[in-house]
Amino acid sequence: MKQYDYLIVGSGLFGATFAYQARQAGKRCLVVEKRSHLGGNVYCEQVEGINVHQYGAHIFHTSNQEVWNFVNRFVAFNRYTNSPVAHYKGRLYNLPFNMNTFYQMWGVTRPEEAMRKIEEQKALENKASDSEPQNLEEQALRLVGRDIYEALIKGYTEKQWGRPCTELPAFIIRRLPLRFVFDNNYFNDTYQGIPVGGYNALIEGLLDGVETRLNTDFLKHREELTALAEKVIYTGPIDAFYDYRFGALSYRTVCFEQEVLNTPNFQGNAVVNYTEREVPFTRIIEHKHFESFGQAVYDNPKTVISKEYSVEFKTGMEPYYPVNDEQNTALYNQYKTLADQEEKVFFGGRLAEYKYYDMAPTIARALELAKRLILN
Ligand code: FAD
Ligand code: UDP
């Protein structure tokens, strides 16, 4: 009999959720993590008494009751509601696209007028609107028309993805809600918030009592680690697992420029997107606004901001956003064919499934896998 039932590679939300479920079922687990801390991309660090999201701003949101109940076992969530503001050529616009945005863009005050304005703009585009949009530009023009596309989408998206909007898949922009009400809530989900005390509290709860090894790269010790366990749950990049034998998958990654400022309130909001192409960063995050509201913002005389620069992934960088275009999807499918034939190794999470999963769907996938492997 092996020392562990499960070797779990990666301590992000997928690995940590699976480890929790396995431990609850009495399974012996070892989690290996190549970074010097647990938690994957939701990891936070305290700077000047403020929880700083080290790998980019993370806002938890879901309509999945099972996932919401699950995370609330470990931590309470605050009332943070994501309502980013877009900065374009010195003017501010509310996001997601809603009556406030339409008012700021066109001066329209009623939903009917906003709809008419969008219809007028759509009519100016010559593509037949009953065919499937072939790319992100076509999709965006069809949703909101050219004014909003040019000011709030094109520059931001091209900076973020490093590709023209005509070469990006349409689905990326369908993530953004379009509303004819005055509602700046970025998400449509039933529940949202930030864990009170930050995401580390959630990860600590999930991994409580589970054996973990930091600074351990599974791929460098593959044989000895694999030999320790009956099964392996792998949450790292799938192409790396197969030594890039079909080629490397593309990612976008983000560089963060963090600053501590001697002011209690720099931008008045957690997230400000800079949507013009000429500004090199995509957005500025002011971390304190995730956890302090109203006058409480002034309790701390300092603030921490992060400017986010999107860059093309190169070996050695953190892979963040899978680029799910045709070429990369085809490449991923080649790897997936191999993965499906593995008997002992199971792949899950954003990197191993090469999918743009948010936190809640990541947890849902891990719960599903745990159900399938452990309860059956
Ligand atoms: P990860 O968190 O990436 O964890 C994988 C872990 O595996 C990492 O810790 C890594 O170091 C480790 N690992 C990899 N290879 C090896 C190896 N060979 N050996 C050992 N360990 C290894 N979701 C939301 O719901 N809301 C948001 O606002 C949001 N914002 C985001 C912003 C950014 C910039 C990014 C990149 C993502 C965002 N997400 C957001 C998505 C969220 O981060 C993911 O859904 C979630 O982190 C996925 O968890 P995971 O366990 O699959 O992957
Ligand atoms: N987007 C945009 N302008 C914005 C915010 C988002 O054009 O001000 C587009 C962009 O293409 C982005 C997509 O909408 O990739 C989805 O946005 P979301 O905020 O969900 O992206 P995330 O940062 O989570 O990838």
Side-chain angles (χ1 to χ4, degrees), residues 6-24 29-47 49-62 67-68 70-78 80 192-219 233-237 240 251 253-256 258 270 285 287 290-291 304 306 308 317-322 347-353 355-367 369-370:
Y6 291 101
L7 172 77
I8 297 159
V9 180
S11 63
L13 277 176
F14 193 98
T17 301
F18 187 92
Y20 176 80
Q21 293 294 82
R23 182 174 139 81
Q24 289 298 102
C29 299
L30 171 65
V31 174
V32 293
E33 169 56 60
K34 71 175 180 186
R35 291 177 181 166
S36 58
H37 60 77
L38 300 171
N41 288 344
V42 305
Y43 172 71
C44 298
E45 241 168 47
Q46 283 259 321
V47 181
I50 298 164
N51 272 320
V52 173
H53 299 194
Q54 284 296 316
Y55 299 93
H58 276 73
I59 299 121
F60 197 91
H61 58 100
T62 187
V67 169
W68 184 244
F70 180 76
V71 291
N72 274 275
R73 279 193 222 166
F74 307 100
V75 70
F77 282 74
N78 70 20
Y80 178 78
Q192 78 177 286
I194 304 287
V196 174
Y199 286 93
N200 296 2
L202 173 59
I203 295 292
E204 279 158 23
L206 288 167
L207 290 176
D208 187 27
V210 176
E211 192 181 336
T212 56
R213 279 189 209 165
L214 295 175
N215 305 305
T216 306
D217 186 338
F218 168 76
L219 298 174
I233 307 296
Y234 179 81
T235 75
Y251 291 89
T253 191
V254 186
C255 288
F256 303 101
Q258 192 174 305
I285 304 298
H287 297 268
F290 289 124
E291 297 189 55
V304 182
S306 304
E308 295 190 358
M317 288 177 168
E318 289 296 346
Y320 281 142
Y321 295 99
F347 295 75
R350 229 190 206 208
L351 301 170
E353 294 181 67
K355 286 218 175 58
Y356 204 103
Y357 286 134
D358 273 332
M359 290 180 275
T362 301
I363 293 171
R365 296 282 295 172
L367 292 174
L369 182 66

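Quick note: numbers below take in every heavy atom, side chains included, and nothing from hydrogens, waters or symmetry partners. Along the sequence shown, residues are numbered consecutively beginning with 1.
Applying the salt bridge (Lys or Arg N to Asp or Glu O under 4.0 Å) rule to E308 yields the partners R283; only residues at least two apart in sequence or on another chain are considered. Take Y43 and apply the ring pair (Phe, Tyr, Trp, His ring centres under 6.0 Å) test, not counting sequence neighbours, and it matches H37. Every residue two or more places apart in sequence or in another chain that forms a ring pair (Phe, Tyr, Trp, His ring centres under 6.0 Å) with Y80 is listed here: F290. Taking R365 as the reference, E353, Y357 meet the side-chain hydrogen bond (donor to acceptor under 3.5 Å, both in side chains) condition, with sequence neighbours excluded. Scanning for side chain to side chain contact (heavy atoms under 4.5 Å, CB included) contacts around V196 gives A76, N78, with sequence neighbours left out. By the ring pair (Phe, Tyr, Trp, His ring centres under 6.0 Å) test, F14 pairs with no residue at all, sequence neighbours left out. Remark: T253 engages no residue in a side-chain hydrogen bond (donor to acceptor under 3.5 Å, both in side chains) (not counting sequence neighbours). A search for side chain to side chain contact (heavy atoms under 4.5 Å, CB included) contacts involving A364 returns N64, V67, not counting sequence neighbours. Y6 is linked by a ring pair (Phe, Tyr, Trp, His ring centres under 6.0 Å) to F18, counting only residues two or more places apart in sequence or in another chain.
Nearest approach of V31 to S11, heavy atoms of both residues: CG1-CB, 3.9 Å. Residues A19 and C29 approach most closely at O-SG, 4.2 Å, considering heavy atoms. Minimum interatomic distance between G15 and T235 (heavy atoms only, all atoms of both residues): N-CG2, 4.0 Å. Taking all atoms of both residues into account, the shortest heavy-atom contact from L219 to A240 is CD1-CB, 3.7 Å. The shortest non-hydrogen separation linking L351 to P319 is CD2-O, 3.7 Å.
Under the 4.5 Å side-chain criterion, counting only non-hydrogen atoms from C-beta, V47 is in contact with Q258. For the pair Y320 and Y251, the minimum side-chain heavy-atom distance is 4.5 Å or more. F70 has its side chain within reach of Q21: a pair of non-hydrogen atoms, C-beta onward, lies under 4.5 Å apart. Between Q192 and F77, the closest side-chain pair of non-hydrogen atoms is not below 4.5 Å.
Remark: the backbone N or O of L214 is paired with a side-chain donor or acceptor of T216 at under 3.5 angstrom.
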Quick one: side chains of residues 199-211, donor-acceptor pairs under 3.5 Å with protein atoms, not counting sequence neighbours, listed by atom name and distance.
from: Y199; atom 1: OH; to: H58; atom 2: O; distance (Å): 2.6
from: Y199; atom 1: OH; to: F60; atom 2: N; distance (Å): 3.2
from: N200; atom 1: OD1; to: C44; atom 2: N; distance (Å): 2.9
from: N200; atom 1: ND2; to: C44; atom 2: O; distance (Å): 2.8
from: E211; atom 1: OE1; to: Y4; atom 2: OH; distance (Å): 2.8
from: E211; atom 1: OE2; to: Y4; atom 2: OH; distance (Å): 2.9

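Counting only residues at least two apart or on different chains, the salt bridge (charged side-chain N to carboxylate O under 4.0 Å, His left out) pairs with a member in residues 33-44 are R35-E318.
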